[in-house]
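To start, the structure itself, in structure tokens.
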Amino acid sequence: SKEEVERLTTVLRTNHRLDDIPDGSLVTLASWCKESGRLAHVVGRNSWNKHSCLIQYLDEEGQKEQPSLALASNLIILEAP
């Protein structure tokens, strides 16, 4: 829902932690990132790093690549499952 996306975006911007962001969230990268504007899904996280997660880009090129590590502060949530 829109409210959930807003809540999760606020969590990212204030805490820069991923504890409340579910896997499967649809995200894009912020304008200051090299890959800004690309769509991705959150596909996992590392227990040792609470500030980043693994994302899989959804474009054709991204589907051929391994998941990438992204900082929570660089993610913009578009939709949460």
Side-chain angles (χ1 to χ4, degrees):
S1 72
K2 184 176 180 179
E3 294 81 19
E4 181 68 2
V5 169
E6 288 175 9
R7 184 188 74 75
L8 293 173
T9 300
T10 300
V11 167
L12 275 179
R13 296 290 179 243
T14 57
N15 298 328
H16 297 198
R17 293 176 61 93
L18 294 165
D19 295 337
D20 295 331
I21 300 169
D23 288 354
S25 294
L26 180 64
V27 298
T28 189
L29 280 89
S31 60
W32 56 83
C33 297
K34 176 183 172 185
E35 302 295 339
S36 68
R38 289 180 77 183
L39 292 177
H41 271 132
V42 176
V43 295
R45 61 195 78 234
N46 297 313
S47 59
W48 49 267
N49 187 339
K50 300 294 184 187
H51 301 283
S52 62
C53 65
L54 292 172
I55 60 170
Q56 180 69 54
Y57 292 109
L58 299 177
D59 54 26
E60 187 175 335
E61 181 181 332
Q63 291 294 312
K64 297 175 186 175
E65 301 170 352
Q66 294 291 322
S68 300
L69 195 63
L71 290 172
S73 58
N74 291 339
L75 297 178
I76 298 169
I77 299 172
L78 303 175
E79 185 177 307

Please lay out, stage by stage, how Leu39 and Leu78 fare under the test side chain to side chain contact (heavy atoms under 4.5 Å, CB included). CA-CA 9 Å; Leu39 292 177; Leu78 303 175; 3.3 Å; yes

Shortest non-hydrogen separation from Leu69 to Ser52 and the atoms involved: CD1-OG, 3.6 Å

Under a 4.5 Å cut-off applied to non-hydrogen side-chain atoms, are Pro81 and Asp23 in contact? no

Hey, does Ile55 have a side-chain heavy atom less than 4.5 Å from the side chain of Leu29? yes

Approximate separation, where rounding is to 0.5 Å, of Leu75 CG and Cys53 SG: 5.0 Å

Nearest 0.5 Å please: distance from the OG atom of Ser25 over to the CD1 atom of Ile76. 13.5 Å

Which distance, rounded to the nearest 0.5 Å, do you find between the OG1 of Thr28 and the CD of Glu79? 13.5 Å

Which pairs of donor and acceptor atoms, one on a side chain in residues 58-66, lie under 3.5 Å apart (sequence neighbours left out)?
from	atom 1	to	atom 2	distance (Å)
Asp59	OD1	Arg38	NH2	2.9
Asp59	OD1	Gly62	N	2.6
Asp59	OD2	Arg38	NE	2.8
Asp59	OD2	Arg38	NH2	3.2
Gln63	NE2	Tyr57	O	3.0

Please examine the side chains of Leu26 and His41, heavy atoms only from C-beta on, and report whether any two atoms are closer than 4.5 Å. yes

